[in-house]
K.L.:
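Next up is a structure, given as structure tokens.
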Amino acid sequence: MSDPHDTDLLELAFPYALDALTEGERGAVEHALDTADPAVAEGFRDMVRDIRETVAAMTVVDAIPAPAHLEGALQRALDTGAPRLTALRRARRRSLWWVAAAVMLVAISITAGAALLRTPAPDHGITAQQIRTQADARITTVPVTGGGTATVSASAELDAAAVSFAAVAAAPTGHTYQLWLLPADGRPRSAAVLDALPAEADPVVVPLDRAEGLALSVEPAGGSPQPSTEPVVAVPLR
């Protein structure tokens, strides 16, 4: 039979993956992982990775209203943890609505198929050539920290951009590049998780949703729900 403490630990994978814990609470989870059954610890890390991949790929999370009962269910899960995880029972309530919405999307997306998680955002049929030849096209090439360049061809009329890179080193082992939309106000939104950076001959096309800029950061493998490092390049679009 599984240790009930292990079950409690796995239930905390969602708020942990979605950065809904304070620094102290995250530390308590990581301490619990050090003493947990190795299989449970591995399962916890697999869940965190899958959750982050899913949320990164599904940028409409903030538009999905969560049913009222989910917040209560999540709070009860946090309030029934093992004694060694007492510090985690007070996970920030102001994050629970967002966590609940993300939990719904994770379940739907995992059912639909994990193969979609690393797919760049849909381009809605718009091609890089269409963007580049659009009358209002704006093409910008800027240096990337660490070497190489990024080129962004953007069209406000099409509300889309074609993004490519040249001579940029691969992400470190266990990490990936992630492309972000930068709105005029609000948090960055994931545009694509890029296991390999697109070259000029085959750029990635992303819908801009009226973003003011694009940025690229190095993230843990599978991507992050929000940037965890400083961007290696940022390109204004307006």
K.L.:
Using 0.5 Å steps for rounding, measure from the CG atom of Leu216 to the CD atom of Gln178.
P.N.:
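If we round to the nearest 0.5 Å, Leu216:CG and Gln178:CD are 9.0 Å apart.
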K.L.:
Identify all side-chain donor-acceptor contacts of residues 167-177 below 3.5 Å with residues at least two apart in sequence or on another chain.
P.N.:
unit_1	atom_1	unit_2	atom_2	d
His175	ND1	Thr173	O	3.1
Thr176	OG1	Leu194	O	3.0
Thr176	OG1	Asp195	OD1	3.4
Tyr177	OH	Ala169	O	2.7

K.L.:
Taking Arg138 for its side chain and Val152 for its backbone only, find out whether a donor-acceptor pair lies under 3.5 Å.
P.N.:
no
K.L.:
Mind checking whether Leu182 and Val218 sit in one hydrophobic cluster, side chains of I, L, V, M, F, W, Y counted as touching below 4.5 Å?
P.N.:
no
K.L.:
Taking only residues two or more places apart in sequence, or in another chain, which ones meet Ala150 in a side chain to side chain contact (heavy atoms under 4.5 Å, CB included)?
P.N.:
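Partners of Ala150 under the side chain to side chain contact (heavy atoms under 4.5 Å, CB included) test: Val142, Val144, Phe165, Val233.
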K.L.:
Can you tell me if Glu25 uses its side chain to pair, donor with acceptor, with the backbone of Thr22 under 3.5 Å?
P.N.:
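Yes: the side chain of Glu25 pairs with the backbone of Thr22.
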K.L.:
Counting C-beta onward and ignoring hydrogens, is there a side-chain heavy-atom pair between Val163 and Leu179 closer than 4.5 Å?
P.N.:
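Touching, per the 4.5 Å side-chain cut-off.
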K.L.:
Sequence neighbours excluded, which residues qualify as side chain to side chain contact (heavy atoms under 4.5 Å, CB included) partners of Pro203?
P.N.:
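Counting only residues at least two positions away or on another chain, Pro203 forms a side chain to side chain contact (heavy atoms under 4.5 Å, CB included) with Ala128, Arg132, Ala162, Ser164.
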K.L.:
Give me each pair satisfying side-chain hydrogen bond (donor to acceptor under 3.5 Å, both in side chains) with a member in residues 140-149, each pair once, sequence neighbours excluded.
P.N.:
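For residues 140-149, and leaving out neighbouring residues, the side-chain hydrogen bond (donor to acceptor under 3.5 Å, both in side chains) pairs sorted by first residue read Thr141-Thr151.
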K.L.:
Asp136: which residues meet the side-chain hydrogen bond (donor to acceptor under 3.5 Å, both in side chains) condition with it, sequence neighbours left out?
P.N.:
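Scan of Asp136 (side-chain hydrogen bond (donor to acceptor under 3.5 Å, both in side chains), adjacent residues dropped) gives Ser155.
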K.L.:
side-chain hydrogen bond (donor to acceptor under 3.5 Å, both in side chains): which pairs involve residues 206-219, sequence neighbours left out?
P.N.:
Trp180-Ser217, Arg189-Asp209, Ser217-Glu219, Glu219-Ser224, Glu219-Ser228
K.L.:
Nearest 0.5 angstrom please: Leu158 CG to Ser153 OG, how far?
P.N.:
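The CG atom of Leu158 sits 11.5 Å away from the OG atom of Ser153.
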K.L.:
Do Leu181 and Leu208 have side-chain heavy atoms sitting under 4.5 Å apart?
P.N.:
yes
K.L.:
Where do Ile131 and Ala161 come nearest, in terms of heavy atoms and distance?
P.N.:
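In terms of heavy atoms, the two residues are closest at CD1-C, 3.6 Å.
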K.L.:
Can you name the residues that form a ring pair (Phe, Tyr, Trp, His ring centres under 6.0 Å) with Phe44, not counting sequence neighbours?
P.N.:
Tyr16
K.L.:
Should we say atom CD of Glu30 is surrounded by more than 12 heavy atoms from elsewhere, each under 6.0 Å from it?
P.N.:
yes
K.L.:
Below 4.5 Å, heavy atoms only, C-beta onward: do Thr127 and Gln130 meet side chain to side chain?
P.N.:
yes
K.L.:
Suppose we screen for side-chain hydrogen bond (donor to acceptor under 3.5 Å, both in side chains). Which residues come up paired with Asp46, at least two apart in sequence or across chains?
P.N.:
Arg49
K.L.:
Checking the side chain of Gln226 only, and the main-chain atoms of Pro188 only, is there a donor and an acceptor separated by less than 3.5 Å?
P.N.:
yes
